[in-house]
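This report concerns only the one structure given below.
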Protein chains: 2
Amino acid sequence: MGEQLQDHDLSEILKAVSDPTRRSLLTTLVQEGPLRVTELAGRYAMSLNAVSKHIKVLEAAGLATRRTMGRVHLIEANLDPVRSVDAWFGELRSIWELRLDRLGEVFSEGTRNNERSVTDAKKDDPGAG
Amino acid sequence: MGEQLQDHDLSEILKAVSDPTRRSLLTTLVQEGPLRVTELAGRYAMSLNAVSKHIKVLEAAGLATRRTMGRVHLIEANLDPVRSVDAWFGELRSIWELRLDRLGEVFSEGTRNNERSVTDAKKDDPGAG
DNA sequence: GCTATATTCAACCAAATGGGTGAACAATTG
DNA sequence: CAATTGTTCACCCATTTGGTTGAATATAGC
């Protein structure tokens, strides 16, 4: 059961939550539980169709799921994909700290001249992928 | 120091990292430290100008900073804004768990129908539009 | 001063995005 | 069946986006 961190998925998730309306929708769903499309749309100063489209984007990103019950579509939030985002940012941070470790504390004296500290850190290069 | 989580900033940060090229740029900067625009651009199958624009987007989001040294612009990653993203997702998660907790309380009070509150909320509908 | 290098600015283009409207489809109800 | 309700589909429109190219600006070196 590996989580295949596909670049495309990550882009889709991040793009989905980069829109304030969609973030708001997601928050609403998270705090109130599954809601109908119309109920959701009623809270925004935009057309039902616009909200419907936003929901589709959330669905495509895996951040929302739909349970169709008759003519009513119940939309529910799903925060699982957020873990992919966390994972990516986490990885970024550890790469960052790894490099800072290699550089050592020599760097903290000033940010203008860094050439020498780099060569200094070369003695202990693990080459972490 | 409160995190004055401006919606606009969050959107800008998320949109910035929603592009795979920009994520790649950020990763490169994080693992290799400050780099010149040309050096960065040389790693991508796109024009220097395209990369230059991507860098600007990262800068605008606060994810990269620029130190101009003569004609050379050193671009450096800055992961601080990521904390805003973490904060938002974290908030979302706690809201989620809070609601689940509330649902649990309702159950232990002797309610027998699990989805009643959602579907039944129709009678309390304020009316969209 | 001239030339080469590093980078941005400006204009342009195709595609994607966020929004709107009206019609269509699906399901419930009288 | 007909009417109503919930939702999507198909278009249209303006703006943004990601990319291109060519010119402009700034600095470095001969």
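Below, chain A is the first sequence line, B the second, and so on; all start at residue 1. Quantities reported herein were computed from a predicted structural model and do not represent experimental measurements.
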Suppose we screen for side chain to side chain contact (heavy atoms under 4.5 Å, CB included). Which residues come up paired with [X], at least two apart in sequence or across chains?
{"X": "A:Lys53", "value": "none"}
{"X": "A:Gln31", "value": "A:Thr27, B:Ile95"}
{"X": "B:Thr28", "value": "B:Ser24, B:Glu32, B:Leu35, B:Leu40, B:Arg43, B:Tyr44"}
{"X": "A:Ser94", "value": "none"}

| request: Give the rounded distance in Å between these two atoms: CG of B:Asp19 and C1' of D:dG18. | output: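 Value for this atom pair: 8 Å.
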
| Rounded interatomic separation in angstrom, taking NE2 from A:His73 and P from D:dT5 |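 Value for this atom pair: 17 Å.
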
To check you understand the geometry: which heavy-atom pair defines the closest contact between [X] and [Y], and what is its length?
{"X": "B:Val30", "Y": "A:Arg99", "answer": "O-NE, 2.6 Å"}
{"X": "B:Leu58", "Y": "B:Leu26", "answer": "CD1-N, 4.5 Å"}
{"X": "B:Ala64", "Y": "B:Ile75", "answer": "CB-CG2, 4.0 Å"}
{"X": "B:Ala61", "Y": "B:Ala16", "answer": "CB-CB, 3.7 Å"}

If the condition is side-chain hydrogen bond (donor to acceptor under 3.5 Å, both in side chains), which residues does [X] pass it with, not counting sequence neighbours?
{"X": "A:Arg93", "value": "B:Asp86"}
{"X": "A:Glu76", "value": "none"}
{"X": "A:Asp80", "value": "none"}

| Just by distance, do the side chain of B:Arg22 and the backbone of B:Val57 share a donor-acceptor pair under 3.5 Å? |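 Judged by distance alone, no pair lies under 3.5 Å.
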
| task | Identify, residue by residue, the members of residues 22-30 of chain A with a heavy atom below 4.0 Å from DNA chain C, and return them in order of residue number, or none. | result |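 Going residue by residue through residues 22-30 of chain A, the ones with a heavy atom under 4.0 Å of DNA chain C turn out to be A:Arg22.
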
Using a cutoff of under 3.5 Å, can you pull out all pairs of nitrogen or oxygen atoms linking the protein to nucleotides 14-16 of chain D, with atom names and distances?
none

Sort me out a list of protein N/O and nucleotides 28-30 of chain D N/O pairs below 3.5 Å, or just none if empty.
none

| Which residue lies toward the 5' end of DNA chain C, B:Val37 or A:Val72, if each is placed at its nearest nucleotide? |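 Mapping each residue to its closest nucleotide by heavy atoms, the 5'-most match is B:Val37.
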
| query | For A:Arg23, what residues pass the salt bridge (charged side-chain N to carboxylate O under 4.0 Å, His left out) criterion, not counting sequence neighbours? | reply |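 Checked A:Arg23 against salt bridge (charged side-chain N to carboxylate O under 4.0 Å, His left out); matches are B:Asp7.
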
| query | Considering only heavy atoms, which members of residues 45-58 of chain B lie under 4.0 Å from some atom of DNA chain D? | reply |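 When residues 45-58 of chain B is checked for heavy atoms under 4.0 Å from DNA chain D, the hits, listed by number, are B:Met46, B:Ser47, B:Asn49, B:Ala50, B:Lys53, B:His54.
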
